[in-house]
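Just so you know, ligand 1 is whichever comes first in the structure, and atom 1 is the first atom listed for that ligand.
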Amino acid sequence: MIQEFKKVESVRGEIHLGGDKSISHRAVMFAAMAKGESKIYNCSASEDVTSTISCFEKLGCNFERDDDFIRVEGKGFKGFSEPSEDLYAGNSGTTTRLISGMLCAQNFNTVITGDESLSRRPMRRIVDPLRLMGGNIFASEHGTLPLRIAPSKKIKPTNYRLQVASAQVKSALLLCAVHLDEESIIIEPWSTRNHTEKMLGIKTEKSKEGTYIYVSKKNYPKPVEFTVPCDISSSAFFIVLALLTRNSEIVIKNVSINDTRTGIIEVLKNMGGQITIENFRTDNGEEVGDIRVISSELHNVEIPVEMIPNIIDEIPILSIAGVFAEGNFKISGAKELRVKESDRIKSLCDNFRRIGLSVNEYEDGFDLKGKISAQSVMFESFGDHRIAMASAVLGMLNETGGKVNGFECVAISNPNFLNQVESLL
Ligand code: S3P
């Protein structure tokens, strides 16, 4: 589907976005693993989280959707049953990697498959450390899906230093280790999103070498009533749109402002963005607040490499802000972008060339120079939801607008994107 966007003059109003995708995945998984009834309020309606729910349905778990919440009848410790068909994870790396860790500790066979994009993404990053724990897990010869998981003779605790800055890899190991009486220690040299640790009450300690994470069966999920805060990654598209249109002022309500996710706010504030957090509070261990955004003049700044894991999902929209900010945008140290839903460095550079910018592409980033010169541009989503929404914002900021090919993929994280934009016009 081709979606057309016209230049937006101004956005104003208050907006509620869907539940945070990372937290919703975990809320669903942990509720399914716990014994007894859990209720999840404001769960993300994204296709990715729907993939997680459907995998757990195949493992024997029951989900009932009410107007306000999802009721989950959790199966309890090792209470899942062997699925009669492959678990299909759709486009979702989080579904695949997190449930793989949990499945390594079960006593039955499973196969995980996914769509074309997910089938290209690297899985050795979880297979190797899970095998060190005794997991009987195999990827294809290319290190990709399908993943085959068989019962293991013995899962043993691990003392493992993470090799990639990835919350998905970390969480895969944590979800295997919560099945063991003995303590596992996972060392994370960089900081990545810590929702798994927070939601399961896992002890962490910061040291010079990074964060030590201590996990055992004591952290096995228990039933909860949980309200998922709204998604900061989805908010980022609206924050940039409000900053860069004149006379704009918006408030995004009840957003997750966990400090392993708020790098985007910090960078945009450093660029001159008027962004304030109001009504700060803590709900079930997760920080929540309302984000107020007012039109601003932005200038490009250096983005420190240590910050990359914190802003990894927001780099597409941050680079759009960079196009309209004074000075030249540059990002480096971000080669993980090459193995996301699309090769995001290539996808972004391709779209920036289409509007006449001068682009230098590196293995771990890119820089942009020049001004937008092309008229009426057709951007490509590359089937990647964040590229589609970043291109939509680019179209809404560009004098001559723009079209986005393959726009339907936004439903992977935010099926209501267009209505939400409309509500602010
Ligand atoms: C996620 C972790 C990140 C992020 C993804 C969601 C999660 O991936 O890009 O969208 O929920 O744990 P990596 O941890 O592999 O970087």
**Asked** Which protein non-hydrogen atom lies closest to atom 15 (O) of ligand 1, naming both residue and atom, and how far is it?
**Response** Ser166 OG, 2.9 Å
**Request:** If you have a sec, work out which protein heavy atom is nearest atom 12 (O) of ligand 1 and how many Å separate them, to one decimal?
**Result:** Arg26 NH2, 2.7 Å
**Message:** I'd like to know if Asp350 pairs up with Lys346 as an ion pair, taking the criterion as any Lys NZ or Arg NE/NH1/NH2 lying under 4.0 Å from an Asp or Glu carboxylate oxygen.
**Reply:** no
**Asked** Is the closest heavy atom of Lys170 to ligand 1 under 4.0 Å?
**Response** no
**Complete:** re atom 14 (O) of ligand 1, the protein heavy-atom contact at minimum distance is Ala167 N, 2.6 Å
**Request:** Could you tell me whether some N/O pair between Ile312 and ligand 1 is separated by less than 3.5 angstrom?
**Result:** no
**Message:** To check your reading of the model: name the closest protein heavy atom to atom 16 (O) of ligand 1, its residue, and the distance in Å.
**Reply:** Lys340 NZ, 3.0 Å
**Prompt:** Is Thr192 in contact with ligand 1, taking contact as a heavy-atom separation below 4.0 Å?
**Reply:** no
**Asked** Just heavy atoms, cut-off under 4.0 Å: does Arg193 contact ligand 1 by side chain, backbone, both, or neither?
**Response** side chain
**Nitrogen or oxygen atoms of Arg125 and ligand 1 under 3.5 Å apart** = no
**Asked** Which heavy atom of the protein is the closest neighbour of atom 1 (C) of ligand 1, given with residue, atom name and distance?
**Response** Gln168 NE2, 3.6 Å
**Asked** With only distance considered, is Glu341 within less than 3.5 Å of ligand 1 through an N or O on each side?
**Response** no
**Message:** Using a strict threshold of under 4.0 Å (side-chain N to carboxylate O), is an ion pair present between Asp384 and Lys340?
**Reply:** no
**Asked** When you check the gap from the basic side-chain N to the acidic O, do Lys203 and Glu183 get nearer than 4.0 Å?
**Response** no
**Message:** Yes or no: does His25 have any heavy atom under 4.0 Å from an atom of ligand 1?
**Reply:** no
**Request:** Quick one: do Leu103 and Ile112 satisfy side-chain contact (heavy atoms from CB on, under 4.5 Å)? Show the steps, please.
**Result:** CA-CA 10 Å; Leu103 289 171; Ile112 307 178; 4.0 Å; yes
**Item:** Any Leu17 side-chain heavy atom under 4.5 Å of Ile252 side chain
**Value:** yes
